[in-house]
A.B. asks: 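Below is a structure I'd like to ask you about.
Remember, predicted model here, so these are calculated numbers, not experimental data. Chain letters run A, B, ... following the sequence lines, proteins first, then strands; residues in each count from 1.
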2 protein chains.
Amino acid sequence: MPLSDKNALTIGGLAKASGVKVTTIRYYEGIGLIEPPVRSPGGQRLYGGEAVERMRFIRHSRDLGFSLDTIRELIALSGDKDRSCAEVDEIVKRHAGDVRLRIERLKSLEKELNRMIRECSANRVAECHVMEVLANHALCETEHLKA
Amino acid sequence: MPLSDKNALTIGGLAKASGVKVTTIRYYEGIGLIEPPVRSPGGQRLYGGEAVERMRFIRHSRDLGFSLDTIRELIALSGDKDRSCAEVDEIVKRHAGDVRLRIERLKSLEKELNRMIRECSANRVAECHVMEVLANHALCETEHLKA
DNA sequence: CATACTCTCTACAGACACTGTAGGTTCAAG
DNA sequence: CTTGAACCTACAGTGTCTGTAGAGAGTATG
(Lines give C-alpha, C1' and ligand atoms only; values in the text may rest on other atoms or scores of the structure.)
Protein backbone atom coordinates (compact mmCIF):
# COMPACT_ATOMS: atom_id res chain seq x y z
CA MET A 1 0.00 0.00 0.00
CA PRO A 2 1.83 3.09 -1.21
CA LEU A 3 1.52 6.26 0.80
CA SER A 4 -0.11 7.92 -2.16
CA ASP A 5 -3.08 5.53 -2.10
CA LYS A 6 -6.14 7.64 -1.65
CA ASN A 7 -8.19 4.58 -0.73
CA ALA A 8 -6.21 3.84 2.39
CA LEU A 9 -8.23 3.16 5.52
CA THR A 10 -7.69 4.81 8.85
CA ILE A 11 -7.79 2.56 11.86
CA GLY A 12 -11.45 3.45 12.38
CA GLY A 13 -12.26 2.45 8.80
CA LEU A 14 -10.46 -0.83 9.23
CA ALA A 15 -12.37 -1.40 12.45
CA LYS A 16 -15.69 -0.88 10.70
CA ALA A 17 -14.72 -3.00 7.70
CA SER A 18 -13.48 -5.92 9.80
CA GLY A 19 -15.59 -5.80 12.93
CA VAL A 20 -12.52 -5.58 15.17
CA LYS A 21 -12.38 -2.65 17.56
CA VAL A 22 -9.88 0.15 17.12
CA THR A 23 -8.22 -0.52 20.45
CA THR A 24 -8.01 -4.20 19.68
CA ILE A 25 -6.28 -3.53 16.35
CA ARG A 26 -3.70 -1.41 18.13
CA TYR A 27 -3.30 -4.16 20.69
CA TYR A 28 -2.69 -6.74 17.93
CA GLU A 29 -0.03 -4.49 16.49
CA GLY A 30 1.52 -4.10 19.93
CA ILE A 31 1.91 -7.85 20.42
CA GLY A 32 3.22 -8.33 16.89
CA LEU A 33 0.25 -10.25 15.54
CA ILE A 34 -0.05 -7.84 12.63
CA GLU A 35 2.57 -5.69 10.94
CA PRO A 36 2.73 -1.97 11.78
CA PRO A 37 1.17 -0.13 8.83
CA VAL A 38 2.48 3.00 7.15
CA ARG A 39 1.54 6.31 8.74
CA SER A 40 0.10 9.55 7.45
CA PRO A 41 2.29 12.65 7.68
CA GLY A 42 0.42 13.39 10.89
CA GLY A 43 1.24 9.98 12.35
CA GLN A 44 -2.06 8.18 11.85
CA ARG A 45 -2.11 4.54 10.77
CA LEU A 46 -3.08 3.87 7.15
CA TYR A 47 -4.19 0.43 6.01
CA GLY A 48 -4.72 -1.15 2.59
CA GLY A 49 -7.36 -3.69 1.60
CA GLU A 50 -5.29 -6.74 2.54
CA ALA A 51 -5.40 -5.57 6.14
CA VAL A 52 -9.17 -6.03 6.06
CA GLU A 53 -8.73 -9.65 4.94
CA ARG A 54 -6.24 -10.31 7.68
CA MET A 55 -8.37 -8.73 10.39
CA ARG A 56 -11.38 -10.76 9.27
CA PHE A 57 -9.31 -13.90 9.39
CA ILE A 58 -8.22 -13.09 12.92
CA ARG A 59 -11.70 -12.17 14.05
CA HIS A 60 -13.32 -15.27 12.66
CA SER A 61 -10.62 -17.47 14.17
CA ARG A 62 -11.16 -15.77 17.53
CA ASP A 63 -14.90 -16.33 17.21
CA LEU A 64 -14.15 -20.00 16.61
CA GLY A 65 -12.23 -19.99 19.87
CA PHE A 66 -8.61 -20.06 18.69
CA SER A 67 -6.05 -18.34 20.89
CA LEU A 68 -3.99 -15.48 19.50
CA ASP A 69 -0.92 -17.70 19.68
CA THR A 70 -2.60 -20.33 17.57
CA ILE A 71 -3.77 -17.67 15.14
CA ARG A 72 -0.17 -16.53 14.89
CA GLU A 73 0.76 -20.09 13.86
CA LEU A 74 -2.05 -20.21 11.31
CA ILE A 75 -0.93 -16.92 9.80
CA ALA A 76 2.63 -18.18 9.56
CA LEU A 77 1.41 -21.35 7.82
CA SER A 78 -0.73 -19.36 5.43
CA GLY A 79 2.36 -17.54 4.24
CA ASP A 80 3.75 -20.78 2.85
CA LYS A 81 1.27 -21.43 0.07
CA ASP A 82 2.83 -24.63 -1.21
CA ARG A 83 3.00 -26.41 2.10
CA SER A 84 0.59 -29.27 2.69
CA CYS A 85 -2.22 -28.17 4.90
CA ALA A 86 -1.85 -31.18 7.17
CA GLU A 87 -0.50 -28.95 9.91
CA VAL A 88 -3.48 -26.65 9.65
CA ASP A 89 -5.78 -29.64 9.95
CA GLU A 90 -3.84 -30.80 12.97
CA ILE A 91 -4.30 -27.48 14.73
CA VAL A 92 -8.02 -27.42 14.03
CA LYS A 93 -8.43 -31.03 15.16
CA ARG A 94 -6.61 -30.33 18.38
CA HIS A 95 -8.87 -27.36 19.00
CA ALA A 96 -11.98 -29.37 18.22
CA GLY A 97 -10.83 -31.91 20.79
CA ASP A 98 -10.40 -29.19 23.40
CA VAL A 99 -13.87 -27.92 22.68
CA ARG A 100 -15.36 -31.38 23.06
CA LEU A 101 -13.64 -31.80 26.40
CA ARG A 102 -14.92 -28.47 27.62
CA ILE A 103 -18.43 -29.43 26.60
CA GLU A 104 -18.20 -32.67 28.56
CA ARG A 105 -17.06 -30.88 31.67
CA LEU A 106 -19.71 -28.21 31.42
CA LYS A 107 -22.37 -30.86 30.97
CA SER A 108 -21.54 -32.66 34.18
CA LEU A 109 -21.38 -29.28 35.88
CA GLU A 110 -24.81 -28.43 34.57
CA LYS A 111 -26.19 -31.73 35.82
CA GLU A 112 -24.80 -31.11 39.27
CA LEU A 113 -26.09 -27.54 39.44
CA ASN A 114 -29.56 -28.60 38.35
CA ARG A 115 -29.59 -31.34 40.92
CA MET A 116 -28.65 -28.85 43.60
CA ILE A 117 -31.50 -26.58 42.59
CA ARG A 118 -34.06 -29.39 42.40
CA GLU A 119 -33.20 -30.67 45.83
CA CYS A 120 -33.46 -27.37 47.63
CA SER A 121 -36.68 -26.99 49.52
CA ALA A 122 -36.21 -23.27 50.07
CA ASN A 123 -35.74 -23.28 53.83
CA ARG A 124 -33.47 -21.17 55.94
CA VAL A 125 -29.88 -20.76 54.83
CA ALA A 126 -28.81 -22.73 57.87
CA GLU A 127 -30.31 -25.94 56.45
CA CYS A 128 -29.91 -25.13 52.79
CA HIS A 129 -28.98 -28.18 50.79
CA VAL A 130 -27.34 -26.02 48.15
CA MET A 131 -25.02 -24.61 50.76
CA GLU A 132 -24.20 -28.06 52.01
CA VAL A 133 -23.29 -29.27 48.57
CA LEU A 134 -21.15 -26.23 47.95
CA ALA A 135 -19.29 -27.01 51.13
CA ASN A 136 -18.82 -30.69 50.41
CA HIS A 137 -17.93 -32.33 47.15
CA ALA A 138 -18.74 -35.76 48.63
CA LEU A 139 -22.41 -34.83 48.24
CA CYS A 140 -21.96 -34.57 44.48
CA GLU A 141 -23.04 -37.29 42.12
CA THR A 142 -20.72 -36.48 39.27
CA GLU A 143 -17.04 -35.75 39.20
CA HIS A 144 -17.45 -32.36 37.47
CA LEU A 145 -13.74 -31.64 37.16
CA LYS A 146 -12.93 -28.00 36.97
CA ALA A 147 -14.31 -26.28 33.90
CA MET B 1 -9.17 -19.90 67.50
CA PRO B 2 -7.11 -18.79 70.50
CA LEU B 3 -3.41 -18.28 70.09
CA SER B 4 -2.83 -21.00 72.63
CA ASP B 5 -4.41 -23.66 70.38
CA LYS B 6 -1.79 -26.30 69.82
CA ASN B 7 -3.86 -27.76 66.97
CA ALA B 8 -3.58 -24.67 64.83
CA LEU B 9 -2.66 -25.22 61.19
CA THR B 10 0.04 -23.37 59.36
CA ILE B 11 -0.80 -22.21 55.87
CA GLY B 12 0.80 -25.33 54.45
CA GLY B 13 -1.36 -27.54 56.68
CA LEU B 14 -4.46 -25.66 55.61
CA ALA B 15 -3.41 -26.08 52.00
CA LYS B 16 -3.10 -29.83 52.42
CA ALA B 17 -6.35 -30.13 54.34
CA SER B 18 -8.35 -28.09 51.85
CA GLY B 19 -6.69 -28.75 48.51
CA VAL B 20 -6.11 -25.04 47.92
CA LYS B 21 -2.56 -23.97 47.23
CA VAL B 22 -0.58 -21.90 49.71
CA THR B 23 -0.16 -19.01 47.31
CA THR B 24 -3.84 -19.09 46.48
CA ILE B 25 -4.79 -18.88 50.16
CA ARG B 26 -2.59 -15.82 50.56
CA TYR B 27 -4.16 -14.38 47.44
CA TYR B 28 -7.65 -14.92 48.87
CA GLU B 29 -6.61 -13.10 52.00
CA GLY B 30 -5.17 -10.27 49.93
CA ILE B 31 -8.42 -9.68 48.09
CA GLY B 32 -10.43 -9.92 51.30
CA LEU B 33 -12.23 -13.15 50.48
CA ILE B 34 -11.13 -14.65 53.79
CA GLU B 35 -10.25 -12.99 57.08
CA PRO B 36 -6.60 -12.56 57.98
CA PRO B 37 -5.81 -15.23 60.61
CA VAL B 38 -3.86 -14.75 63.80
CA ARG B 39 -0.10 -15.00 63.56
CA SER B 40 2.57 -16.89 65.43
CA PRO B 41 5.14 -14.80 67.37
CA GLY B 42 7.36 -15.17 64.33
CA GLY B 43 4.68 -13.83 62.01
CA GLN B 44 3.39 -17.02 60.42
CA ARG B 45 -0.31 -17.49 59.77
CA LEU B 46 -2.18 -19.85 62.11
CA TYR B 47 -5.58 -21.27 61.17
CA GLY B 48 -8.25 -23.13 63.11
CA GLY B 49 -10.50 -25.91 61.88
CA GLU B 50 -13.23 -23.60 60.61
CA ALA B 51 -10.76 -22.23 58.08
CA VAL B 52 -10.59 -25.68 56.53
CA GLU B 53 -14.38 -25.69 56.11
CA ARG B 54 -14.29 -22.29 54.51
CA MET B 55 -11.49 -23.15 52.13
CA ARG B 56 -13.28 -26.32 51.06
CA PHE B 57 -16.42 -24.34 50.43
CA ILE B 58 -14.49 -21.91 48.27
CA ARG B 59 -12.66 -24.63 46.40
CA HIS B 60 -15.77 -26.63 45.64
CA SER B 61 -17.61 -23.53 44.49
CA ARG B 62 -14.71 -22.67 42.21
CA ASP B 63 -14.75 -26.20 40.83
CA LEU B 64 -18.42 -25.71 40.10
CA GLY B 65 -17.48 -22.62 38.13
CA PHE B 66 -18.54 -19.80 40.44
CA SER B 67 -16.54 -16.59 40.31
CA LEU B 68 -14.80 -15.33 43.41
CA ASP B 69 -17.22 -12.41 43.53
CA THR B 70 -20.17 -14.77 43.54
CA ILE B 71 -18.50 -16.86 46.21
CA ARG B 72 -18.12 -13.70 48.24
CA GLU B 73 -21.89 -13.22 47.97
CA LEU B 74 -22.55 -16.81 48.96
CA ILE B 75 -20.32 -16.48 52.00
CA ALA B 76 -22.11 -13.30 53.04
CA LEU B 77 -25.47 -15.07 52.69
CA SER B 78 -24.25 -18.04 54.68
CA GLY B 79 -23.53 -15.74 57.60
CA ASP B 80 -27.22 -14.97 57.95
CA LYS B 81 -28.47 -18.38 59.04
CA ASP B 82 -32.14 -17.42 59.37
CA ARG B 83 -32.49 -15.88 55.96
CA SER B 84 -34.51 -17.78 53.38
CA CYS B 85 -32.22 -19.45 50.93
CA ALA B 86 -34.15 -18.11 47.94
CA GLU B 87 -31.25 -15.80 47.11
CA VAL B 88 -28.81 -18.68 47.17
CA ASP B 89 -31.07 -20.60 44.80
CA GLU B 90 -31.27 -17.57 42.58
CA ILE B 91 -27.50 -17.35 42.31
CA VAL B 92 -27.14 -21.02 41.51
CA LYS B 93 -29.93 -20.86 38.93
CA ARG B 94 -28.32 -17.90 37.22
CA HIS B 95 -25.05 -19.77 37.08
CA ALA B 96 -26.71 -22.90 35.73
CA GLY B 97 -28.22 -20.75 33.00
CA ASP B 98 -24.81 -19.35 32.11
CA VAL B 99 -23.40 -22.84 31.91
CA ARG B 100 -26.20 -23.98 29.62
CA LEU B 101 -25.59 -21.03 27.32
CA ARG B 102 -21.90 -21.79 27.17
CA ILE B 103 -22.63 -25.39 26.31
CA GLU B 104 -24.90 -24.33 23.45
CA ARG B 105 -22.26 -22.07 22.02
CA LEU B 106 -19.52 -24.62 22.31
CA LYS B 107 -21.71 -27.20 20.60
CA SER B 108 -22.28 -25.10 17.51
CA LEU B 109 -18.58 -24.32 17.54
CA GLU B 110 -17.76 -28.00 17.67
CA LYS B 111 -20.08 -28.69 14.76
CA GLU B 112 -18.43 -26.02 12.67
CA LEU B 113 -14.92 -27.18 13.49
CA ASN B 114 -15.76 -30.78 12.63
CA ARG B 115 -17.28 -29.72 9.35
CA MET B 116 -14.13 -27.80 8.52
CA ILE B 117 -12.01 -30.84 9.21
CA ARG B 118 -14.24 -33.20 7.21
CA GLU B 119 -14.24 -30.98 4.18
CA CYS B 120 -10.51 -30.52 3.94
CA SER B 121 -8.92 -32.69 1.30
CA ALA B 122 -5.37 -32.06 2.54
CA ASN B 123 -4.04 -30.11 -0.39
CA ARG B 124 -1.68 -27.19 -0.43
CA VAL B 125 -2.29 -24.38 2.04
CA ALA B 126 -3.12 -22.13 -0.87
CA GLU B 127 -6.36 -24.02 -1.57
CA CYS B 128 -7.05 -25.20 1.94
CA HIS B 129 -10.73 -25.13 2.70
CA VAL B 130 -10.02 -24.75 6.40
CA MET B 131 -8.10 -21.58 5.70
CA GLU B 132 -10.89 -20.26 3.56
CA VAL B 133 -13.44 -20.84 6.28
CA LEU B 134 -11.24 -19.20 8.85
CA ALA B 135 -11.05 -16.18 6.60
CA ASN B 136 -14.74 -16.00 5.90
CA HIS B 137 -17.61 -16.50 8.26
CA ALA B 138 -20.05 -16.59 5.33
CA LEU B 139 -18.80 -20.11 4.64
CA CYS B 140 -20.03 -21.26 8.02
CA GLU B 141 -23.26 -23.15 8.45
CA THR B 142 -23.93 -22.23 12.04
CA GLU B 143 -23.87 -18.92 13.81
CA HIS B 144 -21.37 -20.04 16.46
CA LEU B 145 -21.40 -16.80 18.41
CA LYS B 146 -18.25 -16.23 20.38
CA ALA B 147 -17.66 -18.77 23.12
C1' DC C 1 -9.30 31.49 8.32
C1' DA C 2 -11.47 30.20 12.77
C1' DT C 3 -14.05 27.18 15.18
C1' DA C 4 -16.10 22.96 16.36
C1' DC C 5 -16.21 18.33 16.19
C1' DT C 6 -14.76 13.71 15.43
C1' DC C 7 -11.08 10.69 15.03
C1' DT C 8 -6.61 9.30 16.32
C1' DC C 9 -2.37 9.26 19.12
C1' DT C 10 0.40 7.37 23.36
C1' DA C 11 0.79 5.52 27.79
C1' DC C 12 -0.92 3.35 31.50
C1' DA C 13 -4.33 1.02 34.78
C1' DG C 14 -7.73 -2.57 35.36
C1' DA C 15 -10.27 -6.91 34.70
C1' DC C 16 -9.99 -12.32 36.32
C1' DA C 17 -7.79 -15.83 39.12
C1' DC C 18 -4.14 -16.95 39.88
C1' DT C 19 1.36 -18.39 39.08
C1' DG C 20 6.11 -17.43 39.38
C1' DT C 21 10.24 -15.12 41.03
C1' DA C 22 13.56 -13.05 44.25
C1' DG C 23 15.34 -12.59 48.50
C1' DG C 24 14.78 -13.01 52.98
C1' DT C 25 12.93 -15.20 57.90
C1' DT C 26 11.01 -18.84 61.04
C1' DC C 27 10.59 -23.26 62.75
C1' DA C 28 11.18 -28.21 63.82
C1' DA C 29 14.24 -32.02 63.72
C1' DG C 30 18.76 -34.05 64.43
C1' DC D 1 23.73 -25.37 66.67
C1' DT D 2 23.01 -26.46 62.13
C1' DT D 3 20.36 -27.81 58.38
C1' DG D 4 16.57 -27.70 55.42
C1' DA D 5 11.82 -27.21 54.69
C1' DA D 6 8.31 -24.17 55.14
C1' DC D 7 7.16 -19.62 55.62
C1' DC D 8 7.28 -14.34 54.77
C1' DT D 9 6.65 -9.94 51.53
C1' DA D 10 6.51 -7.61 47.31
C1' DC D 11 6.14 -7.47 42.73
C1' DA D 12 5.84 -9.04 37.77
C1' DG D 13 3.53 -11.96 34.45
C1' DT D 14 -0.32 -14.75 32.25
C1' DG D 15 -4.30 -13.82 28.12
C1' DT D 16 -7.22 -10.79 25.81
C1' DC D 17 -8.61 -7.25 25.79
C1' DT D 18 -11.31 -2.61 27.90
C1' DG D 19 -11.22 1.86 29.82
C1' DT D 20 -9.13 6.27 30.93
C1' DA D 21 -6.68 10.70 30.38
C1' DG D 22 -4.77 14.21 27.90
C1' DA D 23 -3.08 15.77 23.65
C1' DG D 24 -2.70 16.09 18.48
C1' DA D 25 -4.73 15.36 13.50
C1' DG D 26 -8.15 15.78 10.17
C1' DT D 27 -12.60 17.51 8.32
C1' DA D 28 -16.80 20.19 7.84
C1' DT D 29 -19.04 24.42 8.43
C1' DG D 30 -19.43 29.49 9.11
A.B. asks: Under 6.0 Å from the CZ atom of R72(A), do we count more than 12 heavy atoms belonging to anything else shown?
C.D. replies: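 Yes, the 6.0 Å shell around CZ holds more than 12 heavy atoms from other groups.
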
A.B. asks: Using a 4.0 Å heavy-atom cut-off, does I31(A) contact any base of the nucleic acid, only the sugar-phosphate backbone, or nothing at all?
C.D. replies: nothing

A.B. asks: Do F66(A) and L113(B) touch side chain to side chain, with heavy atoms closer than 4.5 Å?
C.D. replies: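 F66(A) vs L113(B): side chains touch.
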
A.B. asks: Looking at E112(B) and R115(B), is any side-chain nitrogen of the basic one under 4.0 Å from a carboxylate oxygen of the acidic one?
C.D. replies: yes

A.B. asks: Taking only N and O in the side chain of T10(A), is any of them less than 4.0 Å away from OP1 or OP2 of dT8(C)?
C.D. replies: yes

A.B. asks: Round to a whole Å and report the spacing from CD1 of I34(B) to P of dA17(C).
C.D. replies: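 Rounded to whole Å, this separation is 15 Å.
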
A.B. asks: With a 4.0 Å cut-off, would you call R26(B) and E29(B) a salt bridge?
C.D. replies: no

A.B. asks: I'd like to know if L101(A) and L64(B) are part of one continuous hydrophobic network [Ile/Leu/Val/Met/Phe/Trp/Tyr, side-chain heavy atoms within less than 4.5 Å].
C.D. replies: no

A.B. asks: Please give, in whole Å, the distance from dC7(C) P to L14(A) CG?
C.D. replies: 15 Å

A.B. asks: Assign the ring pair H144(B) / H137(B) to parallel, tilted or perpendicular, where the plane angle (0 to 90°) is split at 30° and 60°.
C.D. replies: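 Answer is perpendicular, since the angle exceeds 60°.
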
A.B. asks: Heavy atoms, side chains only, cut-off 4.5 Å: are L14(A) and V52(A) in contact?
C.D. replies: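 Yes, side chains in contact.
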
A.B. asks: Send over the distance from I11(B) CD1 to dA6(D) P, rounded to a whole Å.
C.D. replies: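 It is 13 Å, rounded to the nearest whole Å.
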
A.B. asks: What's the CG-C1' distance between L46(A) and dC7(C), to the nearest Å?
C.D. replies: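 Value for this atom pair: 13 Å.
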
A.B. asks: What integer distance in Å separates R26(B):CZ from dC11(D):P?
C.D. replies: 15 Å

A.B. asks: Taking the basic N atoms (NZ, or NE/NH1/NH2) and the acidic carboxylate oxygens, is any pair closer than 4.0 Å for E127(B) and R124(B)?
C.D. replies: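 R124(B) and E127(B): salt-bridged.
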
A.B. asks: Rounded to whole angstroms, how far apart are CZ on F66(B) and P on dC16(C)?
C.D. replies: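 Those two atoms, CZ and P, are 17 Å apart.
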
A.B. asks: Convert the base pairs of DNA chain C into dot-bracket notation, remembering that pairs crossing earlier ones are written with [ ] and that bases paired across to another strand are shown as |; include only Watson-Crick or G-U pairs under 3.5 Å.
C.D. replies: ||||||||||||||||||||||||||||||

A.B. asks: Please tell me if R39(A) has a side-chain N or O lying less than 4.0 Å from either OP1 or OP2 of dT10(C).
C.D. replies: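 Looking at the OP1 and OP2 atoms of dT10(C), one of them is under 4.0 Å from a side-chain N or O of R39(A).
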
A.B. asks: Just compare dC7(D), dT8(C), dA17(C) and give me whichever is closest to any side-chain atom of S67(B).
C.D. replies: dA17(C)

A.B. asks: Classify R45(A) by what it touches in the nucleic acid, base, sugar-phosphate, or nothing, heavy-atom distance under 4.0 Å.
C.D. replies: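 The residue R45(A) makes sugar-phosphate contact but no base contact.
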
A.B. asks: What is the separation between atom CG on D69(B) and atom P on dG14(C), rounded to the nearest whole Å?
C.D. replies: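 For the pair D69(B) CG and dG14(C) P, the rounded distance is 16 Å.
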
A.B. asks: Indicate for each nucleotide in nucleotides 17-26 of chain D, in 5' to 3' sequence, whether protein heavy atoms under 4.0 Å reach the base (B), only the sugar-phosphate (S), or nothing (-).
C.D. replies: BS-----BSS

A.B. asks: Can you measure L9(B) atom CG to dC27(C) atom P for me and round it to whole angstrom units?
C.D. replies: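 My rounded result for the distance is 16 Å.
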
A.B. asks: Evaluate whether atom CZ of R45(A) has more than 12 neighbouring non-hydrogen atoms of other residues, nucleotides or ligands under 6.0 angstrom away.
C.D. replies: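 Counting neighbours around CZ of R45(A), more than 12 heavy atoms of other residues, nucleotides or ligands fall under 6.0 Å, so yes.
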
